[in-house]
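In what follows, a structure is listed as structure tokens, so that the remarks can point back to it.
Everything numeric here is computed off the predicted structure, so don't read it as measured data.
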Amino acid sequence: MVRLAQQLVRVASCNPPGNEAQVARVLAEAAGGAGLRVTTDEVAAGRTNVTVRLPGSGADPRTFLYCGHLDTVAVGSAPWTRDPFGAEVADGLLWGRGSVDMKGGLAAMLSGLIAITRSGVRPPGDVVLCALVGEEVDCAGARHLLATGGMAEAAWMVVGEPTGLRVVVAHKGCARLRVVVHGAGAHASRPDLGVNAILNMARVLPELAAVDVSGPPHPLLTGSTSAATVISGGSAVNVVPDACTVDFDIRTVPGQDHRELAARFEAVLADAARRDPALKATVELTYDRAPVTTSPDDALVTAVQGAAEAVLGRRPELGGVSFFTDASVLQPPTGVPTVIFGPGDVGLMHQTDERISVSELVDAARVFAALPFMLW
Ligand SMILES: [Zn+2]
């Protein structure tokens, strides 16, 4: 398993642009070589989803789904202590981009399936691993899987994103709102002839930043947050700017309607326009990923806790995380009970010097091998 994790880390699949085809091939070959059924699905040129199937005995038509992503974020500009694509193992740690998020998790999930295959014991239904492209940018692989019926048989889903082996039953959603303030261009020597979009944005921005984005309290999640993250405006130093754009990244909790959040922004702008008729603005929901939550009493949650307890010798706590996963695309439309569970320190995701504990990888693989049998 460690060798497989190393092979996956050594094949760069930074997104953008993704280019996951090569890392998909490494995963597919490892699975095929172990006797598992492998299908690949080209989502776009050079971007391939991989589905690995461990056939069950046929006694149950339901499928147990493991899910992960093949892409990683970029290396970043800060220098690394070790080569980000070297996949060095030292002092019990495997280093490299994607070791935590989440090639380590993919290696652990596939190793779990391989262990079941070697055992000769068959679960009643199929166990399927979906390794998807594009999670870090637009969830292209998950959207493709959903659109092509890949969730039809799934009765349970475990997403192997890093949780430090905590059993995560809820994560936040993400709504990105783009506010454009429209002005009127003019020669900079005659600002009186134009409407300065930057200044109008500056006036309304504090009110937008203060919009209440809170939702119903969730016992395992912190409250919703809003951050203005990108601003742009103006085209030349000698032209009064006719547009200014600010993007907001809002992290939401279960029960929130992202379109209703956009309406709250629109109400603030409408109010401002009543005070100043020259202020014209639009709001667009540019990115929409739903929050995900599964009841702590669900059989899947109990099974993951049981499998983890059997391996770790302690019952892991239930938790929630602030980042979202492919489950944002796959879970809300299907209602499939979903748990996020995987190896790796959440604090090292997307970081310089990303690294993962080898023993945690091994523990995760053992949980992934045991888990289907705790459900059936
Ligand atoms: Zn991830």
Subject >> Any donor-acceptor N/O pair, Lys172 side chain to Arg251 backbone, under 3.5 Å >> reply: no
**OP:** Would you indicate whether the side-chain heavy atoms of Phe341 and Leu165 approach each other to under 4.5 Å?
**Re:** yes
Original post:
Rounded to the nearest 0.5 Å, what separation is found between the CD1 atom of Ile356 and the CG atom of Leu93?
Top reply: 9.5 Å
**OP:** Treating Ile, Leu, Val, Met, Phe, Trp and Tyr as nodes and any side-chain heavy-atom pair under 4.5 angstrom as an edge, say whether Val195 and Val240 lie in one connected cluster.
**Re:** no
**OP:** Compare every heavy atom of Thr325 with every heavy atom of Glu161, then report the nearest pair and how far apart it is.
**Re:** CG-CG2, 3.8 Å
Original post:
Can you check whether Asp363 reaches Pro343 side chain to side chain, under 4.5 Å on heavy atoms?
Top reply: no
Original post:
Within the side chain of Lys103, is there an N or O that forms a donor-acceptor pair under 3.5 Å with the backbone of Val11?
Top reply: yes
Original post:
Are any non-hydrogen side-chain atoms of Asp326 and Val159 less than 4.5 angstrom apart?
Top reply: no
Original post:
Is there a path from Leu54 to Val304 through hydrophobic residues (I, L, V, M, F, W, Y) whose side chains come within less than 4.5 Å of each other?
Top reply: yes
Original post:
Between the side chain of Thr294 and the main-chain N/O of Thr338, is any donor-acceptor distance below 3.5 Å?
Top reply: yes
**OP:** Would you mind reporting whether Ser295 and Val301 have side-chain heavy atoms less than 4.5 Å apart?
**Re:** no
Original post:
Would the number of heavy atoms belonging to other residues, nucleotides or ligands and lying under 6.0 Å from CZ of Arg275 be above 12?
Top reply: yes
Subject >> Backbone N/O of Phe248 and side chain of Arg176: donor-acceptor pair under 3.5 Å >> reply: no
Original post:
Would you call Leu193 and His187 a side-chain contact if the rule is heavy atoms closer than 4.5 Å?
Top reply: no
Subject >> Expected output: side-chain Asp353 to main-chain Thr81 donor-acceptor under 3.5 Å >> reply: yes
Subject >> Worked verdict on Leu177 versus Ile250 for side chain to side chain contact (heavy atoms under 4.5 Å, CB included) >> reply: CA-CA 8 Å; Leu177 296 179; Ile250 302 169; 3.7 Å; yes
**OP:** Find out whether Thr334 and Leu146 are in side-chain contact, i.e. whether some heavy atom of one side chain is under 4.5 Å from a heavy atom of the other.
**Re:** yes
**OP:** First locate atom OG1 of Thr163, then atom CG of Asp345, and finally report the distance between them rounded to the nearest 0.5 Å.
**Re:** 10.5 Å
Original post:
Between Gly32 and Val38, which heavy-atom pair has the shortest distance, and what is it?
Top reply: N-CG2, 3.6 Å
**OP:** State, to 0.1 Å, how close Phe368 and Tyr66 come at their nearest heavy-atom pair, and which atoms those are.
**Re:** O-OH, 2.6 Å
Original post:
To the nearest 0.5 Å, what is the distance between OG (Ser99) and CG (Leu361)?
Top reply: 8.5 Å
**OP:** Only pairs at least two apart or in different chains count here, so list each salt bridge (Lys or Arg N to Asp or Glu O under 4.0 Å) that has a residue in residues 79-99.
**Re:** Arg82-Glu88, Arg97-Glu354
Original post:
For His69, does its backbone N or O pair with a side-chain atom of Glu20 as donor and acceptor, under 3.5 Å?
Top reply: no
Original post:
Under the salt bridge (Lys or Arg N to Asp or Glu O under 4.0 Å) test, which residues partner Arg3, sequence neighbours left out?
Top reply: none
Original post:
Crowded around Glu42 CD? As in, over 12 foreign heavy atoms under 6.0 Å?
Top reply: yes
Original post:
Leu318, Val292: one ILVMFWY side-chain cluster at the under-4.5 Å cut-off?
Top reply: no
**OP:** On the 0 to 90° scale, with breaks at 30° and 60°, tag the Tyr287-Phe324 ring pair as parallel, tilted or perpendicular.
**Re:** tilted
Subject >> Straight-line distance of Leu70 CG to Met102 CE, nearest 0.5 Å >> reply: 9.0 Å
**OP:** With side chain to side chain contact (heavy atoms under 4.5 Å, CB included) as the test, would you mind laying out the steps for Met109 and Val158 before giving the verdict?
**Re:** CA-CA 10 Å; Met109 288 190 289; Val158 168; 5.5 Å; no
**OP:** Indicate yes or no for a side-chain donor-acceptor contact from Glu360 to the backbone of Gly344 under 3.5 Å, with no hydrogens or angles considered.
**Re:** yes
Original post:
In the single-linkage hydrophobic clustering (I, L, V, M, F, W, Y; side-chain heavy atoms under 4.5 Å), do Val100 and Phe323 co-cluster?
Top reply: yes
**OP:** Take atom CZ of Arg315 as the centre, draw a 6.0 Å sphere, and report whether it contains more than 12 heavy atoms from other residues, nucleotides or ligands.
**Re:** yes
Original post:
Hey, is the main chain of Val133 close enough, under 3.5 Å, to the side chain of Asn49 for a donor-acceptor pair?
Top reply: yes
**OP:** Ignoring hydrogens and angles, state whether a donor on the side chain of Asn200 or His182 is under 3.5 Å from an acceptor on the partner side chain.
**Re:** no
Subject >> Arg143 (side chain) donor-acceptor with Val329 (main chain) under 3.5 angstrom >> reply: no
Original post:
Can you list the residues that meet the side chain to side chain donor-acceptor pair (under 3.5 Å) rule with Thr63, with sequence neighbours excluded?
Top reply: Glu153
**OP:** Please report the shortest heavy-atom distance between Cys67 and Leu129, naming the atom on each side.
**Re:** N-CD1, 4.4 Å
**OP:** Grab the two heavy atoms, one from Pro254 and one from Leu221, that are nearest each other, plus how far apart they are.
**Re:** CD-CD1, 3.5 Å
Subject >> Step-by-step side chain to side chain donor-acceptor pair (under 3.5 Å) determination, Asp41 to His144 >> reply: CA-CA 9 Å; Asp41 197 0; His144 183 84; 2.9 Å; yes
Original post:
Which value, rounded to the nearest 0.5 Å, describes the distance between His218 atom NE2 and Ser224 atom OG?
Top reply: 11.0 Å
**OP:** List the steps, then state whether side chain to side chain contact (heavy atoms under 4.5 Å, CB included) holds for Leu375 with Leu300.
**Re:** CA-CA 7 Å; Leu375 266 168; Leu300 174 65; 3.9 Å; yes
Original post:
Would you say the side-chain atoms of Glu136 and His350 include a donor-acceptor pair closer than 3.5 Å?
Top reply: yes
Original post:
For His258 and Thr252, what are the C-alpha separation, side-chain angles and deciding distance, and is it a side chain to side chain contact (heavy atoms under 4.5 Å, CB included)?
Top reply: CA-CA 8 Å; His258 292 174; Thr252 58; 2.8 Å; yes
Original post:
Is any NZ, NE, NH1 or NH2 atom of the basic residue among Arg25 and Glu29 found under 4.0 Å from an Asp or Glu carboxylate oxygen of the other?
Top reply: no
Subject >> Arg53, Arg37, Arg62 screened by salt bridge (Lys or Arg N to Asp or Glu O under 4.0 Å) with Asp126, the one that passes >> reply: Arg53
Original post:
Do Asp257 and Arg259 meet the salt-bridge criterion of a basic N to acidic O distance under 4.0 Å?
Top reply: no
Original post:
Do any N or O atoms from the side chain of Glu135 and from the backbone of Asp71 form a donor-acceptor pair under 3.5 angstrom?
Top reply: no
**OP:** Output the distance between atom CD (Gln351) and atom CG (Asp101), rounded to the nearest 0.5 Å.
**Re:** 11.0 Å
Original post:
Is there a side-chain contact between Arg47 and Asn15 (heavy atoms, below 4.5 Å)?
Top reply: yes
Subject >> Path from Leu145 to Val50 over hydrophobic side-chain contacts below 4.5 Å >> reply: no
Original post:
At their closest point, which heavy atom of Val336 faces which heavy atom of Met157, and how far apart are they?
Top reply: CG1-N, 3.7 Å
